[in-house]
Amino acid sequence: MDSMNTYWTDRALLEWQVELGATDAILDAPVDRYALEAAKPAPEVKAPASPTPPVLQVEAVDPVRLAQTAADAASDLPGLAAAMEAFEHCELKLGARSFVFSDGNPAARIMIVGEAPGREEDRAGKPFVGRAGQLLDRMFDAIDMGRGHEQAANSLYITNVLPWRPPSNRTPEKPEIAMMLPFLERHIALADPDVIVLMGNTPCQALMGRTGITRIRGNWTEVLGKPCLPMFHPAYLLRNPLAKREAWADLLSLKAHLRG
Ligand code: URA
């Protein structure tokens, strides 16, 4: 029998069963439809549609802007120190023992800017008191200047780019520098020195936007409208004593500039 014949035969049989009153196709074994009904999963009850929650407009915190606002609001050095110490957006604060603001005479003609406190500075709460700091004192002593000099004209004012010690004395990262820069700029504006001395790459990065201390040291430049001299960091001089020759030339240049 070809397939066309099968189709017409099957159809005739089906129509005949329908005429006899059949309403369901029957399988070889009976189907218990009551049991099937009971086994059906309960219809899913849909929760009533809730209204779309409002989109929260969370403004991203910009630590540089917050630092700028806090720094601008400080009208004197104690106010600036308080604003910096209260600044909560630099994670270095969490790992540091002390907040290290400055040392020396705020009325000094020279303001020295270092990198960040190390272990000794973190303990003492003062900048440049460890081995590098002792060398810094000897260097300036050689040109009759010092942080505790009895004559204001020969005194020094010392600070760092960062007031908190980075873990294991690692180099400060660019976002940390950027975040604390408004405070440093305000610090310089309030102390108003005649000359700024930048010790090593980190303050050069912060205030000049460049590094490469071996090439830029000894070259006078201008930062925030003030004469500025980049020098080797004393910690570098401890590791590279031969570079003390250049450091001595820079100290003499500084002295000549002040006599100027
Ligand atoms: N090095 C710095 O740059 N600053 C300090 O205060 C101590 C070491």
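Residue numbers run from 1 in the order of the sequence given. In each ligand, atom 1 is the first atom listed, and ligand 1 is the first ligand listed.
On a distance-only criterion, Glu121 and ligand 1 share no N/O pair closer than 3.5 Å. Of the polar atoms of Phe128, at least one N or O is found under 3.5 Å from an N or O of ligand 1, judged by distance alone.
Classified by interplanar angle (parallel below 30°, tilted 30° to 60°, perpendicular above 60°), the ring pair Phe101/His187 is parallel.
Proximity of a side-chain donor or acceptor of Glu15 to a complementary backbone N or O of Ala12 within less than 3.5 Å is not detected. The backbone N or O of Glu121 lies less than 3.5 Å from no partner atom in the side chain of Arg165, so there is not a single donor-acceptor pair.
For the residue pair Asp144/His149, the side-chain donor-acceptor check at 3.5 Å is satisfied.
With a heavy-atom cut-off of 4.0 Å, Pro127 touches ligand 1 through backbone and side chain alike. Proximity of Glu120 to ligand 1, defined as any heavy-atom pair under 4.0 Å, is not found for any part of the residue.
Within the structure, ligand 1 has Ala116 among the residues with a heavy atom less than 4.0 angstrom away.
Just one residue in the list Leu135, Asn154, Leu254 forms a side-chain contact (heavy atoms from CB on, under 4.5 Å) with Phe140, and that residue is Leu254.
For Tyr236, there are no side-chain hydrogen bond (donor to acceptor under 3.5 Å, both in side chains) partners, not counting sequence neighbours.
The protein heavy atom nearest to atom 4 (N) of ligand 1 is Asn160 OD1, 2.8 Å.
Counting atoms of ligand 1 from 1 in the listed order, those under 4.0 Å from a heavy atom of His233 are 1 (N), 2 (C), 3 (O). Every atom of ligand 1 with a heavy atom of Gly114 under 4.0 Å away is listed here by number and element: 3 (O).
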